[in-house]
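Okay, structure first, notes after.
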Protein chains: 2
Amino acid sequence: MTTLSAAERRAAERIAYDAYLAACPARKLLDRISDKWVSLVLTALADGPRRQSDLARFLAGASQKMLTQTLRALERDGIVDRTVTPTVPIRVDYALTDLGRSLLPVIAAIKGWAESHLAEVECAQLAYDQANREPDAGRRSPGPARDQLAAVRNTG
Amino acid sequence: MTTLSAAERRAAERIAYDAYLAACPARKLLDRISDKWVSLVLTALADGPRRQSDLARFLAGASQKMLTQTLRALERDGIVDRTVTPTVPIRVDYALTDLGRSLLPVIAAIKGWAESHLAEVECAQLAYDQANREPDAGRRSPGPARDQLAAVRNTG
DNA sequence: CAGTATCCCCGGTGATACTG
DNA sequence: CAGTATCACCGGGGATACTG
């Protein structure tokens, strides 16, 4: 049975590749900062420390669970610093560590590219969508119409 | 009924925040490049064009569906260029556009930070995990033990 | 106020089979 | 070879209620 089925080969390759990815530093970081709330927390803390309730107001879209979870992960990573003040109503402050601050330029780079090039991207999207707007107009399926995925077969 | 329940207020805030995020360029970009395969495709194409089958080999971990889906999204964004050669066995080549190439430095920045700082992160993680290794050793719940979530209450 | 545990839903992702 | 459609699974993420 040296002849593995194509499916088996593929599965093996997937596993190996997964392992490779798991070891890739850039990927780890990307996984980190791509978390929906991470970059937002980072920018929220860029100006200075904030307490949890403050962050919660600032990041109005985050559930408390997500907020805590994100902050916790960041704390574990040494990106943010968590300070508990056991007063009567407990008070917890979060601040960026040096490591966390060193990450800000990276965020800035991302932001920078986004602000200078995203217009082009959206332009390209429009053009693309137009080019694939069901050449034989008329019967536009009124239903869900996922994306124009069905319309992709190149018109040439 | 000016008095909205806290839940209602929160829901409203979430919606507003979602809208805000949806408009945020940096967020859009982040959503883009944080897609599991995007950065990998980008680096795979950094050296030059490749055909789909080539990419499929290179990105062994990606299912064909994901590969196509990713490439399609990238094409729509004007990041990659798709060239179909309708020979007998069809041939499709993908290449970075100028826009796509302009994104490489951003990826490089991420990679750079990761390679120079990730050691610190992992160090911090170790320290953190150690600090929260159930102070009262002994009864280490053998079960799932999600993370040490239960052990967080600051020890002192 | 800060954090945790529980439940549940939705969407992303993979596997498979089919078209051209 | 390249792409699409369908199905099924799993985990992330939100809502809620409870503790200290």
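Order of the sequence lines sets the chain letters (A, B, ...), proteins ahead of strands, with each chain counted from 1.
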Atom-pair distance ([atom1] on [X]; [atom2] on [N]), nearest Å:
X	N	atom1	atom2	answer
A/Met66	D/dG12	CE	P	9 Å
A/Leu55	C/dG3	CG	C1'	15 Å
B/Leu59	C/dG14	CG	C1'	16 Å
A/Leu71	C/dC1	CG	P	16 Å
B/Asp35	C/dG11	CG	C1'	12 Å
A/Arg72	C/dT4	CZ	C1'	10 Å
A/Arg51	C/dG3	CZ	C1'	14 Å
B/Arg50	D/dA2	CZ	P	13 Å

Does the side chain of [X] get closer than 4.0 angstrom to OP1 or OP2 of [N] through an N or O atom?
X	N	result
A/Tyr94	C/dG3	yes
B/Gln52	D/dA2	yes
A/Ser53	C/dA2	yes

Heavy atoms from C-beta onward define the side chain here; which of [options] lies closest to that of [X]?
X	options	answer
B/Lys65	D/dG13, C/dA15, D/dG3	C/dA15
B/Thr68	C/dG14, C/dG3, D/dT4	D/dT4
A/Ile90	D/dG3, C/dG3, C/dA2	C/dA2
A/Arg82	C/dG14, C/dG3, C/dA2	C/dG3

Requested in this report: Both distances under 3.5 Å, Watson-Crick or G-U wobble: report the partner of D/dA8, or none.
Outcome: C/dT13
Requested in this report: Determine which nucleotide pairs with D/dG20, using a 3.5 Å limit on both distances of a Watson-Crick or G-U wobble pair.
Outcome: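 Partner of D/dG20: C/dC1.
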Report summary line: Assign each of A/Ser63 and B/Asp54 the nucleotide of DNA chain D bearing its closest heavy atom; nearer the 5' end lies the nucleotide of B/Asp54
**Report entry** Cluster overlap B/Met66 with A/Tyr20, hydrophobic side-chain contacts below 4.5 Å
**Finding:**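 Same hydrophobic cluster.
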Query raised in the report: Looking at side-chain heavy atoms only, is the closest gap between B/Ile79 and B/Val41 below 4.5 Å?
Result: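 No, side chains not in contact.
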Query raised in the report: Could B/Lys28 and B/Asp31 be called an ion pair, given the rule that one side-chain N must be under 4.0 Å from one carboxylate O?
Result: no
Requested in this report: Name the residue closer to the 5' end of DNA chain C, choosing between A/Arg14 and A/Arg91 according to the nucleotide with the nearest heavy atom.
Outcome: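 With A/Arg14 and A/Arg91 compared, the 5'-side residue is A/Arg91.
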Query - D/dG3 base / B/Gln64 side chain donor-acceptor hit below 3.5 Å - result: yes
Query raised in the report: So among A/Leu67, A/Thr68, A/Leu74, which one has a side-chain contact (heavy atoms from CB on, under 4.5 Å) with A/Thr70?
Result: A/Leu74
Query raised in the report: Is it true that the side chains of B/Ser39 and A/Arg27 contain a donor and an acceptor less than 3.5 Å apart?
Result: yes
